[in-house]
Protein chains: 2
Amino acid sequence: MESEREALLQFSSQFCEELSNDDEGLKREILAHAGNRWSLGVLHILGTNGPLRYGELRRYLTGVTQRMLTRTLRHLERDGLISRYDYEEKLRRVVYAITDMGKEMLLRMLPLWSWIITSANYFRETRAKYDSD
Amino acid sequence: MESEREALLQFSSQFCEELSNDDEGLKREILAHAGNRWSLGVLHILGTNGPLRYGELRRYLTGVTQRMLTRTLRHLERDGLISRYDYEEKLRRVVYAITDMGKEMLLRMLPLWSWIITSANYFRETRAKYDSD
DNA sequence: CAGTATCCTTGCGGATACTG
DNA sequence: CAGTATCCGCAAGGATACTG
């Protein structure tokens, strides 16, 4: 039904009116994890493969530099979406895991993510047409 | 049920394995609309208030500069999420509207957005604790 | 092994002034 | 009215080298 979509859009008004209040910045920052280069990948890998060490994560995320992996992990940890545990051993060993909050966020991002993937051809064509004008 | 969440996470694997293919960049760019300063606001306003002129949009988005509004509109138009119509009149008049694709994206972003809003307090506290260490 | 430190380029977001 | 043009600071993302 078309009206069910309209209803959802209307329902959303209450949230988007909050776009203009003080901590609108905080919300956008959390949301920005969705657009960041490695955040979604880290969340997903930790969500499906369980806790992993730094080096293991690196191998999953082909192409990530140490700098960017560390940055991403710190950001996600700061927002409580992953946890970090440093076994203080001589041979260093640090393990990262997704938190319950991280799983909640991941579950709410996946529908959007999968929709974008299935729509990739549409976007490619639309952009090509736009750029050629 | 806890297992239903696990199932969803597993289900998602097929998508995130695509993280490493060629147009992964395109997908993240589309997703980046979620984290951009004005994109979600524009989509929402056009989605609930119908087609609007440039100046009207400006009044809805308190604080937006002309430069950023124009940039945001161009990006959204390039991805086919909004449409632009220029009535070629002497008194200039340009109207923007959300497209069907834009509505689809908006509908898939709102659950994530609303979840973040209701979790804002959690994030504030988590960050405060992280920053104090 | 799990990071830092340094340098670089690109794009975001904003301020201000100007225009068909 | 609906934009451009120009300048700025800042953060993302990456390359490369180094370290406890």
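Chain A is the first sequence line, chain B the second, and so forth, proteins listed ahead of strands; every chain is numbered from 1.
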Rounded off to whole Å, could you give me the [atom1]-to-[atom2] distance for the [X] and [N] pair?
X	N	atom1	atom2	value
Glu29(A)	dC10(D)	CD	P	16 Å
Glu88(B)	dC1(D)	CD	C1'	14 Å
Met68(B)	dG11(C)	CE	C1'	10 Å
Trp38(A)	dA12(D)	CH2	C1'	13 Å
Arg37(B)	dA12(D)	CZ	C1'	18 Å
Leu69(A)	dA12(D)	CG	P	15 Å
Asn36(B)	dA11(D)	CG	P	16 Å

Mind checking what makes salt bridge (Lys or Arg N to Asp or Glu O under 4.0 Å) contact with [X], not counting sequence neighbours?
X	answer
Arg93(B)	Glu89(B)
Arg71(A)	none
Asp86(B)	Arg84(B), Arg92(B)

Handout entry: Side-chain N or O of Arg53(B) closer than 4.0 Å to phosphate OP1/OP2 of dA2(D)
Key = yes
Handout entry: Note, Leu81(A) side chain near Thr126(B) side chain (heavy atom, < 4.5 Å)
Key = no
Problem - Members sharing Leu91(B)'s hydrophobic cluster (side chains within less than 4.5 Å) - result: none
Fill in the blank from the handout: Note: with side-chain heavy atoms under 4.5 Å as the link, the other cluster members for Tyr85(A) come out as Tyr87(A), Val95(A)
Exercise for the section: Hey, can you tell me if Tyr54(B) and Tyr96(B) have their rings parallel, tilted or perpendicular (30° and 60° cut-offs)? Expected result: tilted
Problem - Identified stems (criterion: three or more consecutive Watson-Crick or G-U pairs, under 3.5 Å), DNA chain D - result: C:1-20 with D:1-20
Handout entry: Partner residues of Tyr60(A) under the ring-ring contact (aromatic ring centres under 6.0 Å, His included) criterion, sequence neighbours left out
Key = none
Problem - Pairs satisfying salt bridge (charged side-chain N to carboxylate O under 4.0 Å, His left out), at least one member in residues 119-132 of chain B, at least two apart - result: Asp23(A)-Arg124(B), Glu29(A)-Arg127(B), Arg78(A)-Asp131(B), Asp79(A)-Arg127(B)
Please enumerate all protein N or O atoms sitting under 3.5 Å from an N or O of nucleotides 3-7 of chain C, with distances to 0.1 Å.
from, atom 1, to, atom 2, distance (Å)
dG3(C), OP1, Arg74(A), NH2, 3.3
dG3(C), OP1, Arg84(A), NH1, 2.5
dG3(C), OP2, Tyr96(A), OH, 2.7
dG3(C), N7, Gln66(A), OE1, 3.2
dG3(C), N7, Gln66(A), NE2, 2.7
dG3(C), O6, Gln66(A), OE1, 2.5
dT4(C), OP1, Arg74(A), NH2, 3.4

